[in-house]
Amino acid sequence: MRRLERTLLLKDYRQLCTLSKASFSPMLDTRGSDHARLYFDGNPPSRNILSCNRMLAAHVRNDQTPIAQDLFDQMLVKDVVSWNTMLTGLQKAKNPHGVNRCFLQMRRDGFRPSEYTISTVLNAFLGTAFNVLVSQIHALVVRLALSSSVFVGSALIKGYADIGDQIALSRVFDEIPMKDVSSSNALVSSYMELGCTLEAQRVFDVMPERNIVSWTSLVSGYINNKRINKARSVFDKMREKNVVSWTVMISGYVKNQKFMDALDLFLLMLKSRALPNHFTFSSVLDACAGCSSLILGQQVHSSILKLGTPEDVIMSTSLVDMYAKCGDIEAAFCVFGSMPRKNLVTWNSIIGGSARHGLATRALDKFERMIKCGVRPDEVTFVNVLSACGHGGMVEKGEKLFNSMKAKFGIEPNVEHYACMVDLYGRAGNLEEAEKLIQGMPFQPDVVIWVALLGACGLHSSLQLGEFAAKEIEKLRNDHPAIYSTLSKIHGERGVWDSVLEFRKIMKEKHIQKQNAGSWVESQYRIR
DNA sequence: TTAGGGTTAG
């Protein structure tokens with residue numbers, strides 16, 4: 001490049017830099033005229049760094065991370081805001097690898113991480129294998145003198161909670177000079193996460209200022225520590241409640257199988273004129289499914305439509321699951337078909353629902369479609385398709401799918417899959433094959449396996465093998481109700497009435513009741 | 001122009 005050109009470029013570059021001097025200062029310090037050239041070519045003055053960053057942020061806000069990444073890669077001059085925005089995009093896209101790579105590149109390029117950078121990176125690493133880096137990032141925070149930031153502090157507290165380091169997280173909190181309500185809230189939920197309910201309560205009690213999040217963190221913490229009644233008593237003390245606090249309490253009841261309490265609370269929420277959102281509806285639908293109430297489920301579905309709740313893949317999956325569990329599989333298919341986006345859980349719900357309704361062919365058809373749509377099956381998918389084959393008597397298809405698990409999809413069959421296969425062979429009357437499979441299993445058979453075999457023996461009146469399975473069950477759990485009822489049935493069918501009476505006597509002594517099959521219709525009445 | 005603390009499914 002000729003000297004004159006170089007001088008001109010450098011002049012233009014300096015002029016451009018005056019648009020945002022603070023952002024450009026690291027570049028001025030470390031870059032030469034080649035960078036000026038690059039900037040001149042790639043970023044005409046109409047596209048200065050501020051407008052590029054704004055565009056980048058807009059893409060990130062709209063969940064268009066790949067577009068943001070393209071723009072970011074094209075930006076020949078970046079500032080710390082550009083890097084932070086890109087990191088936020090990768091964090092939102094749940095791409096911790098990407099965040100790690102971007103963060104490393106940022107540092108290699110000589111940029112100094114800011115409070116924004118640290119809190120974004122730490123949050124991206126939560127719940128991932130990258131959380132081993134928390135203490136290293138903490139060391140960097142100390143070196144960069146960012147320890148006093150409440151944002152960095154909150155992120156570090158959560159990071160240390162994620163790796164179970166109670167001492168470190170309380171030390172981080174202590175070292176924040178001007179603690180705010182958010183950092184205290186982070187401390188409350190982190191103690192709760194580690195099961196330290198007393199510590200969490202103590203922090204909450206001494207907080208100089210509490211907001212709705214502080215209260216909700218406490219409620220949520222008690223729920224996660226299985227203290228549902230304590231959670232409710234805190235919840236009742238809240239003077240102000242919002243959609244999140246209502247949802248936390250409702251979903252807490254659902255997690256604890258207290259479906260009627262969840263539905264009662266949902267009614268209270270509506271009475272208080274709080275507006276449910278997709279989080280609330282997912283939990284409420286789960287409660288309807290839990291008590292098999294189609295009527296309530298339908299009413300909740302109507303409310304979703306009436307309120308114009310925006311489509312959400314999780315909420316719609318809960319709808320599919322609710323309809324399937326409440327006996328209306330056609331409605332489940334209808335909701336499923338109307339979903340613009342489906343994920344693995346959605347597919348598993350419809351496949352599992354079909355299987356439970358005895359619709360083996362439809363279940364397998366959905367499985368094929370799922371593969372065609374490019375969704376990779378997981379272990380739940382295979383439990384569902386194998387049980388569909390079992391209910392449909394499709395032995396060969398089941399065998400083929402079972403063998404394809406490892407070979408085609410890289411999924412190692414677990415004990416549940418073996419139980420499905422034992423059930424599949426057993427129902428079809430192929431008890432020998434079932435027994436052979438158990439013998440060849442790569443792990444010790446559990447109660448579920450033996451119960452599947454015993455069930456098959458009951459179905460096909462196989463006394464010898466049935467007694468063997470019963471003995472194995474007894475070794476693992478000596479009061480399993482299936483043992484006595486099934487053996488009593490087999491003996492009855494063979495006319496060995498003494499044994500039948502003996503089993504009935506044992507069942508009476510041990511207060512064992514034959515488990516009755518539940519009926520959807522029955523539970524409809526129960527709820528009214 | 002960039003960040004934190006409480007909520008959902010098989």
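Below, chains carry the letters A, B, ... as their sequence lines are ordered, and counting in each starts from 1. The basis for the numbers below is simple: all heavy atoms, side chains too, and nothing from hydrogens, waters or symmetry mates.
The CD1 atom of A:Ile228 sits 14 Å away from the C1' atom of B:dT7 (whole-angstrom rounding). Computed from coordinates, the A:Leu146 CG to B:dG4 P distance equals 16 Å when rounded to whole Å. In this structure, A:Leu144 places its CG atom 20 Å from P of B:dA3, rounding to the nearest Å. Remark: P of B:dT2 and CG of A:Leu50 are 10 Å apart, rounded to the nearest angstrom. A:Asn53 places its CG atom 8 Å from the C1' atom of B:dT2, with the value rounded to the nearest Å. Here B:dT1 presents its P atom at 14 Å from CE of A:Met55, a figure rounded to the nearest Å. Residue A:Asn343 contributes atom CG, which lies 16 Å from atom P of B:dT8 at whole-angstrom precision. As rounded to whole Å, 11 Å separates atom P of B:dA3 from atom CG of A:Leu56.
A:Trp215 has its ring centre no less than 6.0 Å from the ring centre of A:Phe235.
Note: A:Phe130 and A:Phe125 have parallel aromatic rings, judged against thresholds of 30 and 60 degrees for the angle between ring planes. Between A:Tyr418 and A:Phe402, the angle of the ring planes goes over 60°, which puts this pair in the perpendicular group of the 30/60° scheme.
The nucleotide whose nearest atom lies closest to any side-chain atom of A:Asn84 is, among B:dG6, B:dT2, B:dT8, B:dT2. For A:Ser182, whose side chain is taken as the heavy atoms from C-beta onward, the closest listed nucleotide among B:dG4, B:dG6, B:dT1 is B:dG4. Checked against B:dT1, B:dA9, B:dG6, the side chain of A:Asp286 finds its nearest nucleotide in B:dA9. The nucleotide whose nearest atom lies closest to any side-chain atom of A:Ala57 is, among B:dA3, B:dT8, B:dT1, B:dT1. Here B:dA3 is the nucleotide among B:dT2, B:dA9, B:dA3 with the atom lying nearest to any side-chain atom of A:Phe151. Closest contact between the side chain of A:Val244 and the listed nucleotides B:dT2, B:dG4, B:dG6 involves B:dG6. In this structure, of B:dG6, B:dT2, B:dG4, it is B:dT2 that holds the atom nearest to the side chain of A:Thr88. Here the side chain of A:Asn277 is nearest to one of B:dG6, B:dT2, B:dT7, namely B:dT7.
Shown for residues 375-385 of chain A: residues whose heavy atoms fall under 4.0 angstrom of DNA chain B, namely A:Asp378, A:Val380.
Taking 3.5 Å as the limit, the base of B:dG4 and the side chain of A:Asn123 contain no donor-acceptor pair of atoms between them. One can find a donor-acceptor pair under 3.5 Å joining the base of B:dG4 and the side-chain atoms of A:Asp180.
Pairing each heavy atom of A:Met178 with each of A:Val150, the nearest pair is O-CG1, 3.1 Å.
Remark: the backbone N or O of A:Asp73 is not paired with any side-chain donor or acceptor of A:Asp70 at under 3.5 angstrom. A distance-only check finds a donor-acceptor pair linking the side chain of A:His417 to the backbone of A:Asn414 [under 3.5 Å]. Side chain of A:Asn225 to main chain of A:Arg227: no donor-acceptor pair is present (N/O by atom type, distance under 3.5 Å, no hydrogens or angles). Under the 3.5 Å distance criterion, the side-chain polar atoms of A:Asn256 are left unmatched by any main-chain donor or acceptor of A:Lys258.
As judged by a 4.0 angstrom heavy-atom cut-off over every strand, A:Leu285 is placed among residues making no nucleic acid contact. Within the 4.0 angstrom heavy-atom criterion, base atoms lie near A:Val213. Within the 4.0 angstrom heavy-atom criterion, base atoms lie near A:Thr216. Residue-level contact check: A:Val150 touches the bases, meaning some heavy atom is under 4.0 Å from a base atom. Using a 4.0 Å heavy-atom criterion, one finds that A:Lys179 contacts no nucleic acid atom at all. Counting any heavy atom pair closer than 4.0 Å across all strands shown, A:Ser183 reaches a base atom.
Taking 4.0 angstrom as the limit, A:Lys255 places a side-chain polar atom (N or O) nearer than this to OP1 or OP2 of B:dT8. A sub-4.0 Å separation between OP1 or OP2 of B:dT7 and a side-chain N or O of A:Ser220 is present.
Where stacking is scored as ring centres under 5.5 Å apart with planes under 30°, A:Phe279 registers as stacked on the base of B:dT7.
Judged by the 6.0 Å and 45° rule, A:Lys78 forms a cation-pi pair with A:Trp83.
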